[in-house]
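Lettering of chains follows the sequences in order, A, B, ..., and the numbering in each one begins at 1.
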Amino acid sequence: MNTRYSNNGDKLETFYREKFEDYSCEPFPDAFEKINKNLSSETSIFSKINQNIIDKFGANRILTSLQVSLLVNFITIAFLFYSYVGQKETAASNEMMKEQNIISEDVQTLSNPKEVESSKKSTDIKPMDKKETSVIANKKENNFKPNNNSHVGITKEELKKTLIPTEEEHKGTAKVFKIDSIGPILNSNPIEPAKKENYKDNLEDFYNQHAEKLKDSTKQLFIKKK
Amino acid sequence: MTKNSNINIQEVIKGCLLNNEKARKQFYEYFASKVMSICRRYTYSKYEADDIFQESFINIFKGLKTFDEEKGAIEGWIYSVTVNAALKSIKKNYSEKYKTIEEANELNMGSVNLNDSLTANELLKFIDELPIGKKTIFNLYVIEGYTHKEIAEMLKITEGTSKSQLAKAKEILVQIHNKHYLIDEHKVFK
């Protein structure tokens, strides 16, 4: 042993010290092999894992270095595959997010169509009925022919032009109305309804006025039929 | 240590530094039993000792390049590495709290009957009856020869605690010793 003892003359201490001076005890049989393995495999982490497996599970489950390397390779490949799949999943999830955004926009459109239309000029293709199409078509035409005189699109002059036939037209067609001739018709007084108390007198007057005319006309009809 | 006493330890160390397996084997055989005895003293069973032994030798071979022969003999360095491994294991496996024992008194050695026929193995059994803290301090101070100051630094305790723990350990050992001695006397009388 070393020579660093403080010789304090303690009987018990000296006794124990002397007894243990030459004391030695043998280590377990394969201790060196284990130590050596541990040291030589220090550089290889895989061998270290192997050693740990041996230490933990005993001789029955010892893996050969080939098995360990295969295991490690498998783990590496699995890890790489996992990372590759992870990347793909991320890409897929991004796509999903985009799609979800689109769907949510559509849902928003369905729930609040006005808001959405006002918020963005819709590029959606919406089926339209004939009326709408014709209205849009007219609007478009009007848009191409802007008219400052009237918001309706036709001025009074134009209306006159269309309604009042030219001289040539007038000669050819007798059915064309002049705009001036419509006015008196529209403005003429309608027949006032007869008052109840005067009804009988009115009827008599009406009969007296037209009786002869009716007699003549019925006579004429009778003659024509014959 | 006695197995290959003819070997040149300097050459063996050089071989170990070059990762020569044969040299490593020689080095191991030269120091193994001594290292194992240290490990055994700090533990309660051979299994615990085996773990510390393996750990110690790995540390020794790994740290051999740091050994400076000008600072001291290789044996002292090896024992220090082993003791450190043992203390590390104790710290890991036991939660011993070193308390300063006020009532520990100086032993009256006149009443101690030391049976000289007792072997180291028998004494080891006595030491095993000590609690881990007292056992560690007893080993460090009495067998390894560390001072109370050094022990205090190693175990992060005060010198007073180290002294009182040692005194209590010795008291217990004397009791055990006397008990054993009386039993032996009975055997003699019978």
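- In plain terms, the two heavy atoms of B/Ile58 and A/Leu39 that are nearest each other are O-CD2, 4.0 Å.
- With contacts defined as side-chain heavy-atom distances shorter than 4.5 Å, the pair B/Lys25/A/Asn36 does not qualify.
- The side-chain hydrogen bond (donor to acceptor under 3.5 Å, both in side chains) search around B/Tyr42 returns B/Glu144, not counting sequence neighbours.
- Put simply, the side chain of A/Arg17 never gets that close to the backbone of B/Ile143: no donor and acceptor are under 3.5 Å apart.
- Atom CZ of B/Phe61 and atom CD1 of A/Ile35 lie 7.0 Å apart (nearest 0.5 Å).
- Atom NZ of B/Lys46 sits in a crowded spot, with more than 12 heavy atoms from other residues, nucleotides or ligands closer than 6.0 Å.
- In summary, A/Glu13 and B/Lys170 engage in a salt bridge, as defined by a charged side-chain N under 4.0 Å from a carboxylate O.
- The CZ atom of B/Arg40 lies 7.5 Å from the SG atom of A/Cys25; values are rounded to the nearest 0.5 Å.
- The shortest heavy-atom contact between A/Glu26 and B/Ser33 is OE2-CB, 3.7 Å.
- In terms of non-hydrogen atom pairs under 4.5 Å with chain A, the most contact-rich of B/Val35, B/Asn19, B/Asp116 is B/Asp116.
- Separation of the A/Phe32 and B/Phe57 ring centroids does not fall under the 6.0 Å cut-off.
- Note: B/Phe31 CZ to A/Ser24 OG = 13.5 Å, rounded to the nearest 0.5 Å.
- Both the backbone and the side chain of B/Arg24 have a heavy atom closer than 4.5 Å to some heavy atom of chain A.
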query: After noting the C-alpha distance and the side-chain angles of B/Asn121 and A/Lys19, does the key distance pass the side-chain contact (heavy atoms from CB on, under 4.5 Å) rule?
result: CA-CA 9 Å; B/Asn121 275 324; A/Lys19 287 282 178 186; over 6 Å; no

task: List the steps, then state whether side-chain contact (heavy atoms from CB on, under 4.5 Å) holds for A/Lys34 with B/Gln54.
output: CA-CA 8 Å; A/Lys34 278 193 173 182; B/Gln54 200 176 326; 3.9 Å; yes

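- For the pair A/Tyr23 and B/Lys34, the tightest heavy-atom approach, listed with the atom from each and the gap, is O-NZ, 3.0 Å.
- Side-chain contact between A/Phe20 and B/Ser37 is absent, with no heavy-atom pair separated by less than 4.5 Å.
- Proximity to chain A involves both the backbone and the side chain of B/Leu124, based on heavy atoms less than 4.5 angstrom apart.
- Enclosure of atom CD in B/Glu21 is not indicated, since only 12 or fewer non-hydrogen atoms of other residues, nucleotides or ligands lie within 6.0 angstrom.
- To the nearest 0.5 angstrom, B/Leu173 atom CG is 4.0 Å from A/Tyr16 atom OH.
- Residue A/Leu12 holds its CG atom at 5.5 Å from CZ of B/Phe138, rounded to the nearest 0.5 Å.
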